[in-house]
Protein chains: 2
Amino acid sequence: MFSKACEHGIRAMIYIATQSTAGRRVKLGDIARHSGSPEAFTAKVLGALSKAGLLESLKGPAGGFGIDNAAKISLKSIVQAIDGDRLFKGCALGLLECDASKPCPMHHKFGAMRDGLNDMLESTHLEELATGLKSGASFLLR
Amino acid sequence: MFSKACEHGIRAMIYIATQSTAGRRVKLGDIARHSGSPEAFTAKVLGALSKAGLLESLKGPAGGFGIDNAAKISLKSIVQAIDGDRLFKGCALGLLECDASKPCPMHHKFGAMRDGLNDMLESTHLEELATGLKSGASFLLR
DNA sequence: TTAATTTAGGATAATTTTGTCCGAAATAAA
DNA sequence: TTTATTTCGGACAAAATTATCCTAAATTAA
C-alpha cells in the first residue's frame, strides 16, 4: 500500500509529534531508535518531509527535528510528500490514462474504495495518532 | 497499490475472460498485445495464476490459455495468487506484528478502509469486468 | 517420425527501491 | 576561534522488482 519510505516517514513523524512540545527538538538517532527505522534512510525521508514544510529541522548541537502544528498535519500530506500522487490519482491497472470517460475495467469499483482511503488520510491528523501512542493505546515497535 | 506483476496479471485475465467462450484458447502473444503487457513477463505471471488453478494452459499448436469459470474468479483470488496476503493482512506502518490487542497508531483507522478494499475485491468477479470490456464500456489499452 | 507451434522454467539483465557511508555545512558552546 | 554536535547531500551498495532471453518440454499436424 505505502512504500517503505512512507512507512518509515509516517512512523517517524508520529514519534516526533509525541516529543514536540514547545518547540522541543528530537535528534535523528532518537527518532530512528523509537520508530524502528534505519537511521540513514530515515534521514533521507525526513529531508523530503522537511523540504515539503511538514517538519522543522535545525543543525548543530541542540538541533534536531520538530513539529509544531501536529493538529494540522494530515496523513495524506505525509503520504503525498513521500509517495506522490500515485495512490490518489494512478490507475488501479496501471494504464497511463484512465478516467470516467474512458475507464479501465476496474475504474468505477476502485473509485469508491479510493475515496474511502482518501477521506481517511485527509481526516486523520498527526496529533491524534501521537496522543494514542503517548497514552499507550498504540505502539510503534514490534 | 498493486504490484506491476499484479496489474499485468489482472489485465491479462480480463482479456482472456473476454475470449474464453466454449473452451477457446488464447495465445500468449495475443494476450500481451491486447492487454498492453510485456510478453515474457506476462508469461511468468500467467504461470503463477495457472499454478494457482485460476487458469488453464495447454502447450503446443492450438494451445494457449483459457478461463472457463470467469463468474467464479474474484479479483481477490488473482491479487492473492500474485501479491500474496500483504495487502490484506500486513500492517499499514510495516510492523511485523500488529493486531487489535497491540495495534500500530493507524491500525483502527486503516481497518475500515481495508475492509472496503477486501469486500470490493471479493465481490468483483472476472465475468462482469470482461462483459464491460466487450461491451465497450471500459478499456484495457491507453 | 519429423517439423512446427506454444507454454514452462531457468538464467540473466535492467530498473527501482531501499539502505549505507562519508564529507560538507551549520550551529552552539567552550 | 576552536571544538563538538548535528543535519544535509551526494556517492555508493544491496536488495527487490520488473523484464528479457533462451532452451526444454509438450502437443499437434503433416
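Keep in mind it's a predicted model, so treat the numbers as computed, not measured.
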Original post:
Nearest-Å distance, CD (A:E56) to C1' (C:dT27)?
Top reply: 17 Å
Original post:
Got a second to check how far A:M106's CE is from B:I10's CD1, nearest 0.5 Å?
Top reply: 5.5 Å
Subject >> Side-chain donor/acceptor of B:K51 to base of C:dG9, under 3.5 Å >> reply: no
Original post:
So where does chain A start and stop touching DNA chain D, 5' to 3', when the test is distance under 4.0 Å to a non-hydrogen atom?
Top reply: D:dA4 to D:dA11
Original post:
Between B:G47 and A:S3, which has a closest nucleotide on DNA chain C that is more 5'?
Top reply: B:G47
Original post:
Among A:K134, A:R25, A:R24, whose side chain to side chain donor-acceptor pair (under 3.5 Å) with A:Q19 holds?
Top reply: A:R24
**OP:** Round to the nearest Å and state the distance from B:R25 atom CZ to C:dA8 atom P.
**Re:** 11 Å
Subject >> Length of the NZ-C1' vector between B:K4 and C:dT17, whole Å >> reply: 14 Å
Original post:
Rounded to whole angstrom units, what separation is found between the NE2 atom of A:H8 and the C1' atom of C:dT18?
Top reply: 7 Å
Subject >> B:L54 to B:A81 - nearest heavy-atom pair and separation >> reply: CD1-CB, 4.1 Å
Subject >> B:K109 and A:D119: CA distance, side-chain angles, deciding distance, salt bridge (Lys or Arg N to Asp or Glu O under 4.0 Å) verdict >> reply: CA-CA 11 Å; B:K109 295 251 175 188; A:D119 290 349; over 6 Å; no
**OP:** Using atom CZ of B:F41 as one end and atom P of C:dG10 as the other, report the distance to the nearest whole Å.
**Re:** 16 Å
Original post:
Do B:D83 and B:R86 meet the salt-bridge criterion of a basic N to acidic O distance under 4.0 Å?
Top reply: yes
**OP:** Grab the two heavy atoms, one from B:L95 and one from B:C104, that are nearest each other, plus how far apart they are.
**Re:** CD1-CB, 3.7 Å
Original post:
Reckon B:L58 touches a base, only the sugar-phosphate, or nothing at all at heavy-atom distances under 4.0 Å?
Top reply: sugar-phosphate
Original post:
A:M1 has an atom CE; how far is it from atom P of C:dT17, in whole Å?
Top reply: 17 Å
Original post:
To the nearest Å, how far apart are A:K27 NZ and C:dT27 P?
Top reply: 16 Å
Original post:
Does B:D30 pair with B:K27 as a salt bridge, N-O distance under 4.0 Å?
Top reply: no
**OP:** Any pair with a residue in residues 5-48 of chain A that passes ring pair (Phe, Tyr, Trp, His ring centres under 6.0 Å), sequence neighbours left out, goes on the list, sorted by first then second residue, please.
**Re:** A:H8-A:F41, A:Y15-A:H34
Subject >> Of residues 59-66 of chain A, the positions that come close to DNA chain C - non-hydrogen atoms, cut-off under 4.0 Å >> reply: A:K59, A:G60, A:P61
Original post:
What is the distance from CG of A:L46 to P of C:dT18, rounded to the nearest Å?
Top reply: 15 Å
Subject >> Spacing of B:L141 atom CG and B:R11 atom CZ [to the nearest 0.5 Å] >> reply: 8.0 Å
